[in-house]
Every structure is written in structure tokens, then in C-alpha cells.
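Scroll down for the structure; my scribbles are underneath it.
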Amino acid sequence: VFALIVFACLVGDGYTSVPDDPKLFCIFNHNEDACRYGIGIGVLAFLACIFFFMVDVYFPQISNTTDRKYLVLADLGFSGLWTFLWFIGFCFLTNQWSWTRSEEVYIGADSARAAITFSFFSIFSWGLLLTFAY
């Protein structure tokens, strides 16, 4: 859910323009990489959550212990990696937001703050998934 919120905030209000120029720019200090990074890890995290949820649903029906072991290790590794990537994303978005001038952001300020907040919450939720996988 957190990944979906971050993704939706950045896609919906993450790009804006000034009245003089119709060209869209990222509200995080005009850094396109900040918006792309948040959208990328949000989409991939959401898809991975769906995949691992389906694995958890069918996990009792998997009789091969080697397959079960590899699925648990994949869940453990992915959760660890995504915990780290959400931490990087939170730091990156926070840094870029701190350098953004307030007069350049007219509409997307609340969405930017929400993306930063839910990136922070995602660190702990993926850390919890890491703990459960372990």
C-alpha cells in the first residue's frame, strides 16, 4: 500500500510546470531522477508484493523443499534489498525536497511530502517483511 501511495503521489502531482513555460519538471528541485527513482521503486515494490503474496497463498501446496527454500531466500533477499532501496529513496527525496524553493512549487507540495513520508514508512514495512522472511 505504501509503494502504491508513493507511486501515485509522484505520478499524479510529482510533475508541474510554471505559467510561462508548459514544459513539465519534477517538483523535487527540478531533478527528474528523484521522480523517476520514486516511481520506479514504487512500481517494482508493488508488483513484487503482489508476486510474493501469490507465493504465500500457494506456499503450503509446494511440496518440494528445495523450491520452498529458494522462494523463502528470494523473499528474504528481495525484502532486504528493497529495505535498503527505500532508505536510499527516502534520503534522496528528502534531500532534493530540502533544496526545492517554495516559490517554484504551487500545487504538488502535499504530494511531495506524502511521497517522502510513505517512503519513510516503507523502510520499516519492508524491514518487517525481511524479519518475517527470516
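This chain uses plain numbering: 1 for the first residue, then up along the sequence. Only a predicted model underlies this, so the values are computations on that prediction, with no experimental measurement involved.
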Quick one: do [X] and [Y] end up in the same hydrophobic cluster if we chain Ile, Leu, Val, Met, Phe, Trp and Tyr together by side-chain heavy atoms under 4.5 Å apart?
X: Phe46; Y: Phe124; value: yes
X: Phe51; Y: Leu128; value: no
X: Phe132; Y: Val1; value: no
X: Ile88; Y: Leu130; value: no
X: Val55; Y: Tyr134; value: no

Decide yes or no for [X] and [Y]: does some side-chain heavy atom of the first lie under 4.5 Å from some side-chain heavy atom of the second?
X: Cys26; Y: Asn31; answer: no
X: Phe120; Y: Thr94; answer: no
X: Ser79; Y: Asp75; answer: yes
X: Asp13; Y: Ile27; answer: no
X: Thr131; Y: Trp126; answer: no
X: Val11; Y: Phe7; answer: yes

To check you understand the geometry: which heavy-atom pair defines the closest contact between [X] and [Y], and what is its length?
X: Ser122; Y: Ser125; answer: O-OG, 3.1 Å
X: Ser119; Y: Ala115; answer: OG-O, 2.7 Å
X: Trp86; Y: Ala3; answer: CZ2-CB, 3.9 Å
X: Phe118; Y: Ile5; answer: CD1-CG2, 3.5 Å
X: Tyr15; Y: Cys35; answer: OH-CB, 3.3 Å
X: Ala34; Y: Phe92; answer: CA-CE2, 3.3 Å

Rounded to the nearest 0.5 Å, how far does [atom2] of [Y] lie from [atom1] of [X]?
X: Ile116; Y: Cys9; atom1: CD1; atom2: SG; answer: 10.5 Å
X: Asn64; Y: Tyr70; atom1: CG; atom2: OH; answer: 10.0 Å
X: Asp110; Y: Thr117; atom1: CG; atom2: OG1; answer: 10.0 Å
X: Arg36; Y: Leu10; atom1: CZ; atom2: CG; answer: 12.5 Å
X: Arg113; Y: Leu93; atom1: CZ; atom2: CG; answer: 13.5 Å

Give the intermediate values and the outcome of side-chain contact (heavy atoms from CB on, under 4.5 Å) for residues Asn95 and Phe28. CA-CA 9 Å; Asn95 182 6; Phe28 288 99; over 6 Å; no
Q.
Taking Ile62's backbone N and O only, do any of them form a donor-acceptor pair with Arg68's side chain (distance below 3.5 Å, no angle check)?
A.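 Judged by distance alone, yes, a pair lies under 3.5 Å.
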message: Taking atom CZ as the centre, does Phe59 end up with more than 12 heavy-atom neighbours from other residues, nucleotides or ligands that are less than 6.0 angstrom away?
response: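 Yes.
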**Message:** More than 12 heavy atoms of other residues, nucleotides or ligands under 6.0 Å from CD1 of Ile50: yes or no?
**Reply:** yes
Next item on the list: Please test Leu24 against Thr16 for side-chain contact (heavy atoms from CB on, under 4.5 Å), starting from the C-alpha separation and ending with a verdict.
Entry: CA-CA 5 Å; Leu24 294 176; Thr16 190; 5.6 Å; no
Only one of Phe2, Phe87, Trp82, Phe84 passes side chain to side chain contact (heavy atoms under 4.5 Å, CB included) with Ile123, and that residue is Phe87
